[in-house]
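Below is one structure, written out as structure tokens; the observations come after it.
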Amino acid sequence: MTYVDTSDISAQMFITVLLLLLIIAPLISLGVLRMFQAKKKSGFMLIFSGIAVYAIFQVVMSITHAF
């Protein structure tokens, strides 16, 4: 049995993956589900909110990375 060495993972990468798994991916998948349920407005809002969360996160990380 082998273990994966996670000591090289930065805090920024960990937070990015955590945010992706807990917020962005569920929003987009729920949006796709709503589109299949013929609730297009709700589906588009969920997909766009997932994209907006990702964009806001990228802006915040670029600002904090500059300091």
Legend entry - Worked check of side-chain contact (heavy atoms from CB on, under 4.5 Å) between Leu46 and Ile28: CA-CA 6 Å; Leu46 285 167; Ile28 293 174; over 6 Å; no
Inset, instruction - Please assess Ile15 against Leu18 for the test side-chain contact (heavy atoms from CB on, under 4.5 Å), listing each intermediate value before the final yes or no. - result: CA-CA 5 Å; Ile15 293 171; Leu18 187 67; 5.5 Å; no
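The structure places CD of Gln37 at 9.0 Å from CG of Leu30, a figure rounded to the nearest 0.5 Å. Here the CD1-OG distance, from Ile24 to Ser29, works out to 12.0 Å after rounding to the nearest 0.5 Å.
Note on Leu33: it does not cluster hydrophobically with Ile51, by side-chain heavy-atom contacts below 4.5 Å among ILVMFWY residues. Hydrophobic clustering, with ILVMFWY side chains joined whenever heavy atoms are under 4.5 angstrom apart, groups Leu21 together with Phe14. Residues Val17 and Tyr54 are members of one and the same hydrophobic cluster, defined by side-chain heavy-atom contacts under 4.5 angstrom among Ile, Leu, Val, Met, Phe, Trp and Tyr. Leu19 is connected to Ile9 through a chain of hydrophobic side-chain contacts under 4.5 Å among Ile, Leu, Val, Met, Phe, Trp and Tyr, so both are in one cluster.
The number of heavy-atom neighbours closer than 6.0 Å to CZ of Phe57, taken from other residues, nucleotides and ligands shown, is above 12.
Counting all heavy atoms, side chain and backbone alike, Arg34 lies closest to Ser42 at NH1-OG, 3.7 Å. What you find for Lys40 and Met35 is that their closest heavy atoms are O-SD, 3.9 Å. The two residues Leu20 and Pro26 have their closest heavy-atom pair at O-CD, 4.1 Å. The two residues Ile47 and Val32 come nearest to each other via the heavy atoms CD1-N, 4.2 Å.
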